[in-house]
Amino acid sequence: DSIAEADEIIRVENAAVSPGWVDVFSHFCDPGLEYRETIESGAAAAAEGGYTRVFTLPNTNPVVQSKTQVEYIVRKGLSTAVHIQPLGAVTKNGEGKELAEMYDMYSSGAVAFSDGINPVQSAGLMVKALQYVKAFNGVVIQIPVDKSIGQFGLMHEGIISTQLGLPGIPAIAEELMIARDIKLARYADSKLHFTGVTTPKSLEYIKRAKDAGLQVTCSVTPYHLFFCDEDLVTYDTNLKVNPPLRSRADMLALREAVKNGLVDCIASHHIPQDWDNKTCEFEYAKNGMIGLQTAYAAVQTAIPELTAGNIAELFATNARKIFGLPAATIKEGEIAELSIFSGSIKGTFIKEQIKSRSTNSAFIDKELNGKVLGIFNKEKLTLTKS
């Protein structure tokens, strides 16, 4: 067989290439909150972080709850280096009172449905949503938090919260929600994805659901794998996140669940916050951390044993299967959508590298292992700057 000449050869030492990475939970704040992020700045951060596709949260102003709003985001995403796929709200205004027009949004390009940073609290509404999305094989994404438990909590309830004198959010606030929603998913025979899972008991429930053949999947954030509640002794508001950073034992259990394949994907939970909402007392700081640019390196540093194949599954192929996206396999005649990365390059993440409009990251000035080298997407090679 004669090998055809390539039009262009890109040489990078010690690099791996995988199908394009997908982030299933990012806040691009547009429309209405553009001072924190725009679709353009969010897409630039995503490309720098190795992503070719990003699901954006509906918690904008107005909330993404109609086909017009979905179309606005899809249209704005056309000119960016990454594919922007909006998540449609499950309930009107994300208020958890009545269902939004999910079918209309799906027809206009909503990739899945979630109330984003406001998890659906009502069991009755949640089961209706799960039944409703079955019509088009849709998926509901839920952060598992029962807001009625530890509603004034600022961090994980445990020894550290007692030492710091901060009100706690107990693990049961998450575990109850997971147990409830798994039952609802079983009843509706529908697809449910938990994101931001943090405790061993939650993981046990999810494992049981998977073993029973339910269509339940889950993702964890890079910061829950990297940090734990002990890191809050400095009261760093960038570490104030929801669900909160749990105990060291919980963090280690999460790492194990990533290694053994129980966790399906990594979700960045990229939540930009402006300076005012983080440079204040811990009590008044808003939840969230930017995370697209540091996601890969944070995970590779926390769990150095992960191979390039594991990374491809966690960042790309599993999410593509769960949400029915193109497989982006590397073969002739396929449209190339690739992420290029290396596990052997070390680097320190500095503020000047941030592409996002907000700088609320706890990874600034941390030495991390692993580096994203670029993406090939939309027929264009975008190499990382830093």
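All values below were derived from every heavy atom in this structure, side-chain atoms included, with hydrogens, water molecules and symmetry-related copies excluded. All figures in this text were calculated on a predicted structure; none of them were measured in a lab.
Each of Leu184, Leu130, Asp181 was scored for a side chain to side chain contact (heavy atoms under 4.5 Å, CB included) with Val140, with one residue passing: Leu130. Among Leu338, Val82, Ile340, the single residue meeting the side chain to side chain contact (heavy atoms under 4.5 Å, CB included) criterion with Ile375 is Val82.
Pairs of residues two or more places apart, or lying in two chains, that qualify as ring-ring contact (aromatic ring centres under 6.0 Å, His included) and include a residue from residues 161-200 are His193-Phe323. Among residue pairs with one or both ends in residues 266-286, none qualify as salt bridge (charged side-chain N to carboxylate O under 4.0 Å, His left out); sequence neighbours excluded. Among residue pairs with one or both ends in residues 238-257, none qualify as ring-ring contact (aromatic ring centres under 6.0 Å, His included); sequence neighbours excluded. Pairs passing the salt bridge (charged side-chain N to carboxylate O under 4.0 Å, His left out) check and including a residue from residues 309-329, sequence neighbours excluded, read Arg320-Glu337. Sorted by first and then second residue, the salt bridge (charged side-chain N to carboxylate O under 4.0 Å, His left out) pairs involving residues 15-26 (not counting sequence neighbours) form an empty list. Listed by first and then second residue, the side chain to side chain donor-acceptor pair (under 3.5 Å) pairs involving residues 246-267 are His156-Arg246, Thr198-Arg246, Lys210-Asp264, Glu230-Arg248, Ser247-Asp250, Glu256-Lys259, Lys259-Glu305 (not counting sequence neighbours). Counting only residues at least two apart or in different chains, salt bridge (charged side-chain N to carboxylate O under 4.0 Å, His left out) contacts with residues 350-361 are absent.
Between Ile149 and Pro170 the shortest side-chain heavy-atom distance falls below 4.5 Å. Side-chain contact between Leu154 and Phe282: present, with at least one pair of heavy atoms (C-beta onward) separated by less than 4.5 Å. Using a 4.5 Å heavy-atom cutoff, the side chains of Ile84 and Val74 are not in contact.
Of the possible polar contacts, one joining the Asn360 side chain to the Gln273 backbone as a donor-acceptor pair under 3.5 Å is found. Ser108 places a side-chain N or O within donor-acceptor distance of the main-chain N or O of Asp104, the cut-off being under 3.5 Å. Judged purely by atom type and a 3.5 angstrom limit, Thr91 uses its side chain to pair as donor or acceptor with the backbone of Gly96. Side chain of Asn377 to backbone of Ala81: a donor-acceptor contact under 3.5 angstrom is found. Proximity of a side-chain donor or acceptor of Asp30 to a complementary backbone N or O of Glu37 within less than 3.5 Å is not detected. Panel note: side chain Thr384, backbone Val372; a donor-acceptor pair is recorded below 3.5 Å. Using a distance-only test at 3.5 Å, with no hydrogens or angles considered, a donor-acceptor pair links the side chain of His27 to the main chain of Asn59. Distance alone, capped at 3.5 Å, is enough to place a donor-acceptor pair between the Ser339 side chain and the Gly50 backbone. In terms of modelled atom types and a separation under 3.5 Å, the side chain of Gln65 and the main chain of Asn93 share a donor-acceptor contact. Lys371 contributes no side-chain N or O that, together with a main-chain N or O of Ala297, makes up a donor-acceptor pair within less than 3.5 Å.
By the side chain to side chain donor-acceptor pair (under 3.5 Å) test, Arg180 is found to be paired with no residue, residues two or more places apart in sequence or in another chain being considered. In this view, Ser342 and Ser344 satisfy the side chain to side chain donor-acceptor pair (under 3.5 Å) rule, not counting sequence neighbours. For Ser361, the side chain to side chain contact (heavy atoms under 4.5 Å, CB included) criterion is met by Ile290, Phe349, Phe363, Ile364, not counting sequence neighbours. Under the rule for a ring-ring contact (aromatic ring centres under 6.0 Å, His included), Tyr205 has no partner lying at least two apart in sequence or in another chain.
In summary, Lys207 and Glu204 do not engage in a salt bridge, as defined by a charged side-chain N under 4.0 Å from a carboxylate O. In summary, Glu98 and Lys92 engage in a salt bridge, as defined by a charged side-chain N under 4.0 Å from a carboxylate O.
Within 6.0 Å of atom CD1 in Ile159, 12 or fewer heavy atoms from other residues, nucleotides or ligands are found, so the atom counts as exposed in its surroundings.
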Just list the side-chain donor-acceptor pairs under 3.5 Å for residues 117-127, sequence neighbours left out, or say none.
{"unit_1": "Gln121", "atom_1": "OE1", "unit_2": "Lys147", "atom_2": "N", "d": "2.8"}
{"unit_1": "Gln121", "atom_1": "NE2", "unit_2": "Pro119", "atom_2": "O", "d": "3.1"}
{"unit_1": "Gln121", "atom_1": "NE2", "unit_2": "Val145", "atom_2": "O", "d": "2.9"}
{"unit_1": "Ser122", "atom_1": "OG", "unit_2": "Gly124", "atom_2": "N", "d": "3.3"}
{"unit_1": "Ser122", "atom_1": "OG", "unit_2": "Leu125", "atom_2": "N", "d": "3.0"}

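Side-chain contact of Glu175 with Thr199: a donor-acceptor pair under 3.5 Å is present, judged by distance alone. At a cut-off of 3.5 Å, with distance as the only test, a side-chain donor of Gln69 or Ser66 sits close to an acceptor on the other residue.
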Requested in this report: Show your working on ring-ring contact (aromatic ring centres under 6.0 Å, His included) between Tyr103 and Phe136 and close with a plain yes or no.
Outcome: CA-CA 8 Å; Tyr103 192 83; Phe136 45 84; 5.6 Å; yes
